[in-house]
Amino acid sequence: MEKGHAPCAGIVTYARRLGERVRAGDVVAHVIDPYGTDPALSRHPVAAPCDGLLYMFRSDRIARPGSTVFWMVADAPQPRRAGRAPQED
């Protein structure tokens with residue numbers, strides 16, 4: 001299981017649908033800063049950390065910095081998880 005995290009506080013919008021396959025670097029969501037003064041700079045992308053399948057989104061659309069925005073299943077084992085039990089993540 002891999003996750004996408006909000007880079008800042010704001011309102012979450014999704015660019016993909018649940019069940020879609022994504023590649024590492026694909027934009028899955030945006031976090032929009034409602035207090036941003038420049039609309040072009042208020043939209044912050046959240047990209048897929050690896051290739052895989054999207055299986056869960058946040059139930060609410062308000063995110064804090066670092067909060068999980070989406071969950072996905074990776075197509076291949078991730079090096080950062082080698083030798084670790086799932087509950088240690």
Side-chain angles (χ1 to χ4, degrees):
M1 176 180 69
E2 299 299 317
K3 302 173 188 175
H5 300 282
C8 61
I11 300 165
V12 180
T13 62
Y14 292 99
R16 299 297 189 118
R17 294 178 188 255
L18 288 177
E20 274 192 60
R21 290 208 162 272
V22 294
R23 293 212 168 268
D26 287 352
V27 174
V28 174
H30 289 91
V31 178
I32 301 168
D33 178 2
Y35 300 109
T37 56
D38 183 353
L41 300 176
S42 298
R43 191 176 187 91
H44 305 277
V46 184
C50 59
D51 296 354
L53 178 78
L54 296 170
Y55 78 88
M56 190 165 65
F57 291 158
R58 285 185 71 82
S59 59
D60 60 343
R61 295 294 182 111
I62 306 298
R64 294 186 304 250
S67 61
T68 302
V69 175
F70 64 85
W71 290 257
M72 62 183 291
V73 177
D75 282 346
Q78 299 299 298
R80 70 175 185 81
R81 297 192 51 145
R84 294 173 48 194
Q87 62 269 28
E88 293 176 9
D89 202 8

Inset, instruction - Grab the two heavy atoms, one from Gly10 and one from Pro34, that are nearest each other, plus how far apart they are. - result: CA-CD, 4.0 Å

Inset, instruction - Treating Ile, Leu, Val, Met, Phe, Trp and Tyr as nodes and any side-chain heavy-atom pair under 4.5 angstrom as an edge, say whether Leu18 and Val28 lie in one connected cluster. - result: yes

Legend entry - Where Val12 and Ala29 come nearest, the two heavy atoms and their spacing: CG1-CB, 4.3 Å

Which donor-acceptor pairs under 3.5 Å do the side chains of residues 63-74 make with protein atoms, sequence neighbours left out?
{"from": "Ser67", "atom 1": "OG", "to": "Arg64", "atom 2": "N", "distance (Å)": "3.1"}
{"from": "Ser67", "atom 1": "OG", "to": "Arg64", "atom 2": "O", "distance (Å)": "2.8"}

Inset, instruction - Name all residues meeting the side chain to side chain donor-acceptor pair (under 3.5 Å) criterion together with Asp60; count only those two or more places apart in sequence or in a different chain, and write none if there are none. - result: Arg58

Inset, instruction - Kindly state each residue pair satisfying salt bridge (charged side-chain N to carboxylate O under 4.0 Å, His left out) with at least one member in residues 26-35, sequence neighbours excluded. - result: Arg16-Asp26

Legend entry - Residues which pass side chain to side chain donor-acceptor pair (under 3.5 Å) with Arg21, listed by chain and number, not counting sequence neighbours: Asp75

Inset, instruction - Locate the shortest heavy-atom distance separating Pro7 from Pro45; write the atom from each residue and the value. - result: CG-O, 4.2 Å

Legend entry - Which atom of Val31 lies closest to which atom of Ala6, heavy atoms considered: CG2-CB, 3.9 Å

Inset, instruction - Measure the NE2-CD1 distance between His30 and Ile11 for me, rounded to the nearest 0.5 Å. - result: 14.0 Å

Inset, instruction - Considering only Ile, Leu, Val, Met, Phe, Trp and Tyr, and joining two whenever side-chain heavy atoms are under 4.5 Å apart, list the other residues clustered with Val27. - result: none

Inset, instruction - Kindly write out the residues that satisfy side chain to side chain donor-acceptor pair (under 3.5 Å) with Arg23, not counting sequence neighbours, or none if the list is empty. - result: Asp51

Inset, instruction - Measure from the side-chain N and O atoms of Arg43 to the backbone N and O of Ile32, and report whether any donor-acceptor pair falls under 3.5 Å. - result: no

